[in-house]
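Working notes, beginning with the structure itself.
These numbers come from the heavy atoms of this one structure, side chains and all, not from hydrogens, waters or symmetry mates. Naming convention: chains lettered A, B, ... in sequence-line order (proteins, then strands); numbering from 1 in each chain.
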2 protein chains.
Amino acid sequence: MIDPTSDRPAYQQVADELRRRILSGEAPPGTRLPSESELMREFGISRTTARLTYNVLRAEGLIDTARGKGAFVRDRRSARRVASDRYRREVLQIRKQGEPTPPPETSFTRDQGISWSQYRLDKEFHEVPAPDHVAELLNLEPGTPVLARHFVFYAEDQPQQMSVSYYPLDLVRGTPVADPNNEPWPGGNIAQLATLGITVTRVEESVRARMPLPEEKRTLRIPPGVPVLTITRRMLAGPNKDRPVEVAADIVIPADRVVLDYTIDLD
Amino acid sequence: MIDPTSDRPAYQQVADELRRRILSGEAPPGTRLPSESELMREFGISRTTARLTYNVLRAEGLIDTARGKGAFVRDRRSARRVASDRYRREVLQIRKQGEPTPPPETSFTRDQGISWSQYRLDKEFHEVPAPDHVAELLNLEPGTPVLARHFVFYAEDQPQQMSVSYYPLDLVRGTPVADPNNEPWPGGNIAQLATLGITVTRVEESVRARMPLPEEKRTLRIPPGVPVLTITRRMLAGPNKDRPVEVAADIVIPADRVVLDYTIDLD
DNA sequence: CAGTGGTCTAGACCACGCT
DNA sequence: GCGTGGTCTAGACCACTGT
């Protein structure tokens, strides 16, 4: 089954064959793949080469391996959809109610399709000098003190995303926004700012993807071969949409758990 | 330097130390890291363990390795920004000119900040039965014939993205849109549809991230540890924004080459 | 030519899951 | 207890880059 005359290394040739089975549907998600010993016999390779094969497929996010069990085809369908008009719905909710009343929906819980009580929130609030990219997005001098709020969101005990939100300190000092004990807060960021008399009129999001750092892998329980989507968000206030009131630098979401939907109207 | 009593494997401990140097800025992009032999001496590990260390850092997208040269810290800054209002600018251009005249700007060339002549286009046009997800997005019966247009975009001879665009065949048969020899086409997709009397009024984009397939790695020259962003795009026409005229399933962009910017107005 | 990373082998011990 | 994957060693040959 291996072509020794080929330039392609043996472990890649074996990976090619297993990948073909996975992508063709011949080996659907959940299927158990040959054990390393079986690979050694079937392809006439050493243990090390068999392991190299599975290293490749693991890095591609195609398989899961477990000690004592074996190697299995991973289910790669992504789950919840996060729509860009979640912000608009939040605004409508605020206008309708005049003022949000608990237990309200937030963009996060609504995206999950689960109820408020089904998620947990880890949080730490810090006053820190603004990092450079934050200062730039908030139009502040570098080093200006800002409020940094760290969150990890869970749905049904599964971590879904982590984020750091930055606010100009002058804006929020002494307000409920700066009080960790006020969480969970009704209605999400836009509603929180509305209680301070700030009307958010525009949201800007910058989307990137990269491999997770070890700490992110641990906190979000990200399996091998799964990248993260990062969103750098900025909220602008005022009729001219020019006053930055919040930037959530690095919202980090495991890419196997989300689809980001955006709508662009051309009229 | 290695703690043999730790649960953390030796190759991870070495990776932790090198990662710390990279992320702290102690080893900035371009820095040469210790050779495998040096790692063996400095940390008292075997060649295999040293290689495992660099496998980890490679999969995280932190380093590049080259035979005969060594291991180097990769520059991870992402480059061009792709703004969601590129579609709006394209519409404005069409309205202004009445009809696009070459050499025009497209959303693609404008995003590059390069001129039209600096990129090349590989293309194949096929009439195929609509795949399931395409049929659903176009509101067609599964298997309805559609026009599939395959593109690979280059900027300065570097591949930047590949895509497949699907059009309902009834809409475009016999028109210039279905003629491969008409490429490069002035003004991008929206302008092309405008010449058919179709006014695109809404664009929907769904953004995902995953590791690239081998063919994508080859075509787009993607280094190890770099995911791809995929955009599934749908264009809608008509005053009610309800007639799907195009879906580009799987626009694939190496994540180290792009930032996707979206603006959401709340009024 | 010496040094680099890429591939591959044969073997060892371990932690874990299942029966 | 046996089979699984996870870690680690010692050693070999190769292709490529530099001097």
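Here A/Y262 pairs with B/Y262 under the ring pair (Phe, Tyr, Trp, His ring centres under 6.0 Å) rule; sequence neighbours left out.
The neighbour count for A/E42 CD, taken as heavy atoms of other residues, nucleotides or ligands under 6.0 Å away, is above 12. Taking a 6.0 Å sphere around CD of A/E38, one finds it holds more than 12 heavy atoms contributed by other residues, nucleotides or ligands.
Distance B/E36 CD to D/dC8 P: 16 Å, rounded to the nearest Å. In this structure, A/Q13 places its CD atom 13 Å from C1' of C/dC8, rounding to the nearest Å. Distance B/R41 CZ to C/dT4 C1': 12 Å, rounded to the nearest Å. Between A/I2 atom CD1 and C/dT7 atom P the separation is 13 Å, expressed in whole Å. With rounding to whole Å, B/I45 atom CD1 is found 16 Å from D/dG11 atom P. Distance OH (B/Y54) to P (C/dT7): 17 Å, rounded to an integer number of Å. Between the CZ atom of B/F72 and the C1' atom of C/dG5 there is a distance of 11 Å, given to the nearest Å. Rounded to an integer number of Å, the gap from CZ of B/R47 to C1' of D/dC14 is 11 Å.
When each of A/G68 and A/R8 is assigned the nucleotide of DNA chain C with its nearest heavy atom, A/R8 is the one assigned upstream, toward the 5' end.
The nucleotide whose nearest atom lies closest to any side-chain atom of B/K69 is, among C/dG5, D/dT17, C/dG17, D/dT17. Relative to the side chain of A/S35, the nucleotides D/dT4, C/dA10, D/dC8 differ in distance, and D/dT4 lies closest. Residue A/R67 has its side chain nearest to C/dC16 when only D/dT9, C/dC16, C/dA12 are considered. Checked against C/dG6, D/dA10, D/dG6, the side chain of B/T65 finds its nearest nucleotide in C/dG6. Nearest to the side-chain atoms of B/T49 among the listed nucleotides C/dG6, C/dC8, D/dT9 stands D/dT9.
Taking 4.5 Å as the limit, some side-chain heavy atom of A/V228 sits within range of a side-chain heavy atom of A/R210.
Between B/R51 and C/dG6 there is a side-chain N or O to OP1 or OP2 distance below 4.0 Å. In this model, the phosphate group of C/dC8 is not approached by any side-chain N or O of A/T48 to a distance below 4.0 Å at OP1 or OP2. Close to C/dT4, at under 4.0 Å from its OP1 or OP2, lies a side-chain N or O of B/S37. At least one side-chain nitrogen or oxygen of A/R58 sits closer than 4.0 Å to the OP1 or OP2 atom of D/dG6.
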>> Does A/V226 form a side-chain contact (heavy atoms from CB on, under 4.5 Å) with B/M211? I'd like the steps, not just the answer.
In response: CA-CA 7 Å; A/V226 174; B/M211 295 313 286; over 6 Å; no
>> Let's go through B/V152 and B/T219 carefully: what are the C-alpha distance in whole Å and the side-chain angles of both, what is the deciding distance for side-chain contact (heavy atoms from CB on, under 4.5 Å) to 0.1 Å, and is it a yes or a no?
In response: CA-CA 8 Å; B/V152 180; B/T219 303; 4.0 Å; yes
>> I'd like to know whether A/R234 forms a salt bridge (charged side-chain N to carboxylate O under 4.0 Å, His left out) with A/E246, so could you lay out the CA-CA distance, the side-chain angles of the two residues, the decisive distance to 0.1 Å, and finally the verdict.
In response: CA-CA 6 Å; A/R234 184 161 78 143; A/E246 181 246 32; over 6 Å; no
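The residue B/Y11 sits close only to the backbone: its heavy atoms come under 4.0 Å of sugar-phosphate atoms, none of a base. Backbone-only engagement by A/R32 is indicated by non-hydrogen atom pairs under 4.0 Å involving sugar-phosphate atoms exclusively.
Donor-acceptor pairing under 3.5 Å is recorded for the side chains of A/T65 and A/R58.
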> Which dot-bracket string fits DNA chain C when only Watson-Crick or G-U wobble pairs with both atom distances under 3.5 Å count, crossing pairs get [ ], and | stands for a partner on a different strand?
Replying inline: ||||||||||||||||||.
